[in-house]
Amino acid sequence: MKKIDKGDSPEWFETWKQNCKDTIGREAHYKKDFSSEDNDGKRRRQRLRNQLIEEQGYICCYCMKRISLDSSHIEHFWPKTFFPQIDLDYNNMFASCNGDGIIGIDGHCGHKKEDWWEKDMIPPTEAEIEKIFQYSVDGRIHSVPGRPAANIAQEMITQMGLNSFHLKRNRREAIENSEVFDEEEYSDQDIRDFIDYYANKDNGFYIPYCMAIVDCLKDCL
Ligand SMILES: [Zn+2]
C-alpha cells in the first residue's frame, strides 16, 4: 500500500457541513445528508471524490490500481455503520477502486472490506502502512513477518481481498513492465533512482502498483 498524505479538508466541504448543522440543528451525516439521490448531493459527492482521487495520485487507497471518477467510490476506513460520528470526517474518507470480478468471489478493496474493522488495523495515512506489507515478483502481497503488526496486516490482506486473481495478475504485469525485468545491468544508483521515481508522484500521478515495483527493485540492490 502507498501511504496517503492527506491535506486539509476542503473549505467548501467544511462550510457545507457547518451550514447543514446551522439549518437542521444537528451534525450532518453521510447517508442522510450527503446523498447521491438528489443532484446537489451527487455533485458534492463527486466533487469530494475528485479531491480524494487527486490527493491519492489517481490510485486506489488499498490496491494502487489506477482510479477515476467513474471507477471509484468514497471509502470510509472506519466503517460508517460502526463509526457514524466520523462518517463525514475528511480524515476517514478515501477513494477506493470498485474492485474486479464478483465481490463475493474475486472482489477486493472497499466493496470487499465493507463493514469489517479491527481496532488495531492501520490506516493508509500512517507511515507504517508501507512497512507491514511486502510484494514479491509473482505479484503476491505478504505481511512482513516479525513486525508487531504482522497479524493485522495478514487480516487486512484477507478482508480487502488484496491477493485476488486480478490484483496478482495486474501487479505481476506492472513489475514485468518495469526496470525489474530489463536485460540491462543497472548500477545501484540507477536502481535507487528508479525507486525514487516509483515512490513519488510524477505530475500528480503515481504509477499503478508503484509500491509492488519498489519492493522488487529493492531486491535488485
Ligand atoms: Zn483497489
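When a ligand or atom number is given, it counts from 1 through the structure's own listing order.
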State plainly whether the residues Glu126 and Lys3 are in salt-bridge range, i.e. N to O under 4.0 Å.
no
Short check: any N/O/S atom of His108 below 2.8 Å from the Zn ion (ligand 1)?
no
On a heavy-atom basis, the closest approach of Asp106 and Phe165 is OD1-N, 3.0 Å
Exercise. For Phe94, is the NZ or CZ atom of Lys6 found under 6.0 angstrom from the centre of its six-membered ring and inside 45 degrees of the ring axis?
Worked result: yes
The angle formed at the Zn ion (ligand 1) by SG of Cys97 and SG of Cys60 is about (to 10 degrees) 110°
Q.
Suppose we only count N/O/S atoms under 2.8 Å; would Cys63 qualify as near the Zn ion (ligand 1)?
A. yes
Open item on the list: For a 4.5 angstrom cut-off between non-hydrogen side-chain atoms, does Tyr209 reach Glu173?
Closed with: no
